[in-house]
Amino acid sequence: MLTINLIRERKEFIIERLKVKNFKAEEIIEKILALDSARREIQLKTDSMQAEMNLISKEIGNLMKSGKKEEAEAGKVKTYTLKEDIKSLSDKLIPIETDLKNEIVRLPNLPHESVVPGYGADDNVKVKEGGVLPQLPETALPHWDLIKKYDIIDFDLGIKLTGAGFPVYLGKGAKLQRALINFFLEEGGKAGYREVMPPIMVNEDSGFGTGQLPDKEGQMYHATNDNFYLVPTAEVPVTNIYRDVILSAEVLPVKNVAYTPCFRREAGSWGAHVRGLNRLHQFDKVEIVQIAHPDHSYQSLEEMVSHVEGLVSKLELPYRILRLCGGDMSFTSAVTYDFEVWSAAQKRWLEVSSVSNFESFQANRLKCRFKEKGDKQTRLVHTLNGSALALPRIVAAILENNQTGGGIKIPKVLIPYTGFELIN
RNA sequence: GGAGAAAUGGCGGAGUGGUCGAUCGCGGCGGUCUUGAAAACCGUUGUACGGGUAACCGUACCGGGGGUUCGAAUCCCUCUUUCUCCGCCA
């Protein structure tokens, strides 16, 4: 959520910037500014009426004390109409404030000045490519055939237990999941992230804080009896730790890493290119989250990108890093880097990580602020997060890229975690 | 799930209708003293919105929401959370 001050002061700038995200902001901004000035006008009136009211009440108190009952009664009479006026004015204020918030929430985050305009994946900018593309024989199998061959993931069983998109990991398949989770958490710890194990259901306030609610309501599983949402990513509970919190500047950046299963309804668009592990309703992910000083958040972003790069290269997966164009970025992001790994049998790049700086956009919703030592004013922090990493497509790439006649080779760094070198 | 008690500033803890944004203690910050530190002493100490170039001023906030009253931290209703006891339970 953009701050009202920014909208007031830099209207034209916002409109220009949002064009990069192909978002037409003029109309909403005009509406916001009109509501905002209406709000201030009413508040000014109610505040001064309230001040008068407080004054009269004090006088009545004093008169009562000194026994001047009649004068006190006269004072009371004065308040009756004043009280009614205040009530009717503040009743007007409520819908204005609601409308104002509803409108502000519709504005996406401003893309950073370095973000290029564009409409989709084709306009993204390749920043870097690493690793070696494996040469597989013509007989190489896609991962959905490999998992059947070695009996390590069962989709049909998942359909029986729950539904499509809820795979059951078996034997070495399950151990591989656990190994990857542990590997990612350990690497996060080495990079200075505190490990967090959060709840995987969150309340409405948390959903709002990170921007899933109200817009993306349909993308989350909703436990309606208790009004809880299954988390679509650990970003939600972990970032919300800092909702309504004022940090002191010395503790920044705050770095947390968390593993959670992730639940996404992802209505529509199921077909050939989302076969196997390419898209699931439930999957595992390790997420890194930073709360940063606004002056240093881009340093944090670069650090996170190189952390993720370290992970994919340690797993010996060919990868490329993209900077998303305006049109392909999320609503809340200011800058996003996507990581893709090469899936050799599908002959496709698969997105395995998205690392973003949200600047103060989430912080403003979260009311997460910090204070400089000796400073009276609070300022909004910057929040950042990134997958480090999401498991299913990493598994798909490992399975496909490392297949041999004798089985699937486990990347060296993972062997201490899996306890085996080969899936056969 | 049932019965009872409670929720106050960073923390502890007063305050049961009027000058209370809130006594006091601890902590934090600034200072005096000291070669330095500690101790002692003095001062200071929340957030948001609005007005003002600023100094500053106004308003709101005592778990959340609503009500009674000229006036609510204090009374009433409701929700949430915590604690104690009982029940159930991995």
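What you see below is based on every heavy atom in this structure, not just the backbone, and it leaves out hydrogens, waters and symmetry mates. Labels below follow one simple rule: chain letters A, B, ... track the order of the sequence lines, proteins then strands, and each chain is numbered from 1.
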- Same-atom distance (P) from B/U16 to B/C76, integer angstrom: 14 Å
- P atom, B/G17 versus B/U32: distance in rounded Å? 46 Å
- Identity of whatever pairs with B/C62 - Watson-Crick or G-U, under 3.5 angstrom: none
- Message: I need the CZ-P distance between A/Arg39 and B/A48, as an integer number of Å.
- Response: 14 Å
- Message: Between B/A54 and B/G43, how many Å separate the two C1' atoms, rounded to a whole number?
- Response: 25 Å
- Applying the 3.5 Å cut-off to both distances, the Watson-Crick or G-U partner of B/G50 turns out to be B/C57
- Item | Results of side-chain hydrogen bond (donor to acceptor under 3.5 Å, both in side chains) for A/Lys19 - residues two or more places apart only | A/Glu16
- Identify the nucleotide, in any strand shown, that forms a Watson-Crick or G-U wobble pair with B/U74, with both distances under 3.5 Å; if there is none, say none. none
- Item | Residue matched to B/C33 through Watson-Crick or wobble contacts both under 3.5 angstrom | none
- Figure out the CG/P separation between A/Asn203 and B/C79, and round it to whole Å. 19 Å
- Please give the nucleotide sitting opposite B/A6 as a Watson-Crick or G-U wobble pair, both distances under 3.5 Å, or none. B/U81
- Message: What's A/Thr378 touching, base or sugar-phosphate or nothing? Going by heavy atoms closer than 4.0 Å.
- Response: sugar-phosphate
- Task: Between A/Arg40 and A/Gln377, name the one whose nearest nucleotide on RNA chain B is closer to the 5' end.
- Result: A/Gln377
- Query: Is A/Asn54 side chain donor-acceptor paired with the B/U59 base, going by distance under 3.5 Å alone?
  - Reply: no
- Query: Quick check: does any side chain N or O of A/Asp284 sit under 3.5 Å from a backbone N or O of A/Leu391, one acting as donor and the other as acceptor?
  - Reply: no
- May I have the distance from A/Ile86 (atom CD1) to B/G58 (atom C1'), rounded to whole angstrom? 13 Å
- Message: What is the separation between atom CD on A/Glu52 and atom C1' on B/G71, rounded to the nearest whole Å?
- Response: 15 Å
- Check the angle between the aromatic planes of A/Phe263 and A/Tyr221 and answer parallel, tilted or perpendicular using the 30° and 60° thresholds. perpendicular
- Tell me whether the OP1 or OP2 atom of B/G50 has a side-chain N or O from A/Arg8 closer than 4.0 Å. yes
- Would you say A/Glu400's side chain and A/Gln346's backbone share a donor-acceptor pair under 3.5 angstrom? yes
- Message: Between the side chains of A/Arg393 and A/Glu340, is the shortest nitrogen-to-carboxylate-oxygen separation below 4.0 Å, so that they form an ion pair?
- Response: no
- Query: Expressed as a whole number of Å, how far does the P atom of B/G10 sit from that of B/G71?
  - Reply: 29 Å
- Nearest-angstrom distance, P atom, B/A22 to B/A73: 12 Å
- Nearest of B/U59, B/U47, B/C49 to any side-chain atom of A/Lys371? B/U47
- Whole-angstrom distance between B/G65 and B/U8, as gauged at atom P: 16 Å
- Task: Using whole Å, report how far CG of A/Leu35 lies from C1' of B/G50.
- Result: 17 Å
- Item | Residues A/Lys255, A/Glu303: salt bridge by 4.0 Å N-O rule | yes
- Item | First of A/Lys376 and A/Asp47 reached from the 5' end of RNA chain B, by closest nucleotide | A/Lys376
- Tell me: CD1 of A/Ile246 to C1' of B/G46, nearest whole Å? 8 Å
- Query: Which distance, rounded to the nearest 0.5 Å, do you find between the CD of A/Gln299 and the CG of A/Leu301?
  - Reply: 11.0 Å
- For B/G12, give its Watson-Crick or G-U wobble partner with both distances under 3.5 Å, or none. B/C24
- Task: Please report, rounded to the nearest Å, how far the P atom of B/U80 is from the CZ atom of A/Phe228.
- Result: 11 Å
- Can you tell me if A/Asn124 uses its side chain to pair, donor with acceptor, with the backbone of A/Cys325 under 3.5 Å? yes
- Query: When you compare B/C85 with B/U74, how far apart are their P atoms, in angstrom units rounded to a whole number?
  - Reply: 30 Å
- Message: When the C1' atoms of B/A6 and B/C62 are compared, how many Å lie between them, rounded to an integer?
- Response: 14 Å
- Identity of whatever pairs with B/G17 - Watson-Crick or G-U, under 3.5 angstrom: none
- Item | Sole candidate of A/Pro253, A/Ser300, A/Cys368 that passes side chain to side chain contact (heavy atoms under 4.5 Å, CB included) when paired with A/Ile291 | A/Cys368
- Base, sugar-phosphate, or nothing for A/Gln43, non-hydrogen atoms under 4.0 angstrom? base
Give each protein N/O atom lying under 3.5 Å from an N/O atom of nucleotides 63-70 of chain B, with the pair distance.
unit_1	atom_1	unit_2	atom_2	d
B/C70	O4'	A/Thr79	OG1	3.4
B/C70	O2'	A/Ser57	OG	3.1

- Quick one: A/Leu89 CG to B/U59 P, roughly how many Å, whole number? 16 Å
